[in-house]
Protein chains: 2
Amino acid sequence: MVTLSEENYLKAIYHLGKQGSLEVSTNAIAEQMETKASSVTDMIKKLADKNLVNYIKYQGVSLTKDGRLAAASVVRKHRLWEVLLVEKLNFSWDEVHEVAEQLEHIKSEKLINELDAFLNYPEEDPHGDPIPDKDGNIKKVEKLLLSQADVNNTCICVGVKNSSADFLKYLDKHHIALGTSIQIISKEKFDESMTIQVNNTLINISKTISNNIFIKKAL
Amino acid sequence: MVTLSEENYLKAIYHLGKQGSLEVSTNAIAEQMETKASSVTDMIKKLADKNLVNYIKYQGVSLTKDGRLAAASVVRKHRLWEVLLVEKLNFSWDEVHEVAEQLEHIKSEKLINELDAFLNYPEEDPHGDPIPDKDGNIKKVEKLLLSQADVNNTCICVGVKNSSADFLKYLDKHHIALGTSIQIISKEKFDESMTIQVNNTLINISKTISNNIFIKKAL
DNA sequence: ATATAATTTTAGTCTTGTCTAAAAATATAT
DNA sequence: ATATATTTTTAGACAAGACTAAAATTATAT
Ligand SMILES: [Mn+2]
Ligand SMILES: [Mn+2]
Ligand SMILES: [Mn+2]
Ligand SMILES: [Mn+2]
């Protein structure tokens, strides 16, 4: 049995572990979870006792096989619920996260499998993030950051790195959604801001923006 | 802010309060919640502090207006989720309760309103229980117990008093569902068992069974 | 190499929700 | 009316999960 709180820690370690070193630091977890380092240490010990993380004092943690599976299951649920909210319940992509944070902890194998089927086995959530399968495997897709695209290229928005409501609303305002075609018109050497064309409109975006939009090159 | 545990107590008091006296006893709550009377007393004090129940020591509790609204909201959510599970996610009526016990605590106004709309504003859950509206009002329907029906009457199953999986599976086995037509063939004086006809089949049922099936008289 | 800084852990406290055992209040029976 | 039984509350303890402050360890800079 994994508690709600344990699930949240596992998820945090899971996310931190795949964008950097395998060993995740106590402070990194504390920051991600908006909690204190001492609380993290306490919880890490519990997770280590349950064989969900590998832990050596002062050396950080990594997920065990069991831990990774448990974490992937939470992520799977989170993302499937987000799809339900957007596809069936009229939520916009900036509204889903908070609710999915609650729904991801509902415990029912049948529920999540039926949800998966009902949604027609989606491969991505509303932010372009991949949905792990039952065994925790995710389909790796080639994703570049818009900031890395070259001038004159045309590309397609396939995801967002940052899913905060503020950022998503910014994208809405400029009519950028998953699948939107973006053409790189020019790039400023000085601050790496870009002028891009979306739906025949030119927009100037900062490096901060282009750094948070995932794209693939248009065929 | 009402915690998950508080919501469960409010719901228990709500259910107990409408099938008997207005004042609900500590022991009754303890039994319903499978907890100890001392735990109930502790919680009652918290609920009284939050003005969710009226409480006089040794005299039992009743819900305040706020308490009743909070309780009805939980019941509303519980039953709407049960409808989703049965109508859209292939759950049978004996499988929904456990999951709905978890889902009823998800906090999102929008979610529950959209769910309501998505399900086409159902008035009853899969067990024939009425779904409170946003203001906590429920449509009272005339329901009799099958045990009270007279010989030779034909009636329609409109609900179950007991929603345990065992009982619901028993009904499935005998092809009794909501809307099923039931004819009272005979009634035994001694133990009040009945012979009923369902889909051209005769079944003998004990008083315990007939006491847990709600019916209305067929037109 | 040693002092300083940053990170991590420990020790001790708090809140929520639960429990057992004992005390207090209420209900029931003679 | 009084003894007995039942119900309810109180007192004290415990586990989970979080926090602060202090101690221990590791990293960094001269
Ligand atoms: Mn999310
Ligand atoms: Mn997402
Ligand atoms: Mn139910
Ligand atoms: Mn029900």
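As the structure is a prediction and not an experimental result, all values here were calculated from the model. Proteins come first, then strands; the chains are lettered A, B, ... in the order of their sequence lines, and each starts at number 1.
- Listed pair B:Lys46 / C:dT16 fails the phosphate criterion, with no side-chain N or O lying under 4.0 Å from OP1 or OP2.
- Residue-to-nucleotide proximity on DNA chain D shows that, of A:Lys57 and A:Met33, the 5′-proximal contact is made by A:Met33.
- At a cut-off of 3.5 Å, with distance as the only test, no side-chain donor of A:His127 or A:His97 sits close to an acceptor on the other residue.
- A:Thr26 comes within 4.0 angstrom of sugar-phosphate atoms only, judged by non-hydrogen atoms across all strands, and of no base.
- Each end of the helix from C:dA1-D:dT30 to C:dT30-D:dA1 gets its own axis from five base pairs, and the two axes differ in direction by 0°, given to 10 degrees.
- Dashed line: the shortest gap from a side-chain N or O of A:Ser25 to OP1 or OP2 of C:dT7 is not under 4.0 Å.
- Tested against B:Arg76 for a salt bridge (Lys or Arg N to Asp or Glu O under 4.0 Å), the candidates B:Asp133, B:Asp129, B:Asp116 yield a single pass: B:Asp116.
- In this structure, A:Lys110 satisfies the cation-pi test against B:Phe91, with its NZ or CZ atom closer than 6.0 Å to the six-membered ring centre and inside 45 degrees of the ring normal.
- One interatomic measurement links the two molecules: CE of A:Met43 to P of C:dT8, which rounds to 18 Å at whole-angstrom precision.
- Ion pairing between a basic and an acidic side chain is recognised when a charged N comes within 4.0 Å of a carboxylate O; A:Glu104 and A:Arg79 show no such pairing.
- At whole-Å resolution of the value, OH in A:Tyr55 and C1' in C:dT8 are 7 Å apart.
- Residue B:Asp49 contributes atom CG, which lies 11 Å from atom P of C:dT16 at whole-angstrom precision.
- Cation-pi geometry between B:Lys88 and B:Phe118 is met: the NZ or CZ atom falls under 6.0 Å from the ring centre, inside 45° of the normal.
- If you walk DNA chain D from 5' to 3' and mark each nucleotide with an atom closer than 4.0 Å to a heavy atom of chain B, the marks span D:dT7 to D:dT10.
- In summary, B:Lys107 and B:Glu7 engage in a salt bridge, as defined by a charged side-chain N under 4.0 Å from a carboxylate O.
- Taking atom CD of B:Glu6 as the reference point, atom P of C:dT16 lies 9 Å away to the nearest angstrom.
- In terms of position on DNA chain D, the residue among B:Lys45 and A:Ser5 whose nearest nucleotide sits closer to the 5' end is B:Lys45.
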Starting from the C-alpha separation in whole Å, work towards a yes-or-no answer on side chain to side chain donor-acceptor pair (under 3.5 Å) for B:Ser92 and B:Asp94.
CA-CA 5 Å; B:Ser92 52; B:Asp94 58 292; 2.9 Å; yes
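- For the 3.5 Å distance criterion, the side chains of A:Ser193 and A:Asp191 qualify, holding a donor opposite an acceptor.
- Regarding B:Glu7, its CD atom lies at a distance of 15 Å from the C1' atom of C:dG17, rounded to whole Å.
- Taking side-chain N and O atoms only, A:Thr41 has no distance below 4.0 Å to OP1 or OP2 of C:dT8.
- A:Trp93 and A:Asp172 are linked by a side-chain donor-acceptor pair at a separation below 3.5 angstrom, with hydrogens and angles left out of the test.
- Taking side-chain N and O atoms only, B:Ser38 has no distance below 4.0 Å to OP1 or OP2 of C:dA21.
- Remark: A:Asn27 is in phosphate contact with C:dT8, judged by side-chain N or O atoms under 4.0 Å from OP1 or OP2.
- One atom, CD1 of A:Ile44, and another, P of C:dT8, lie 9 Å apart when rounded to the nearest Å.
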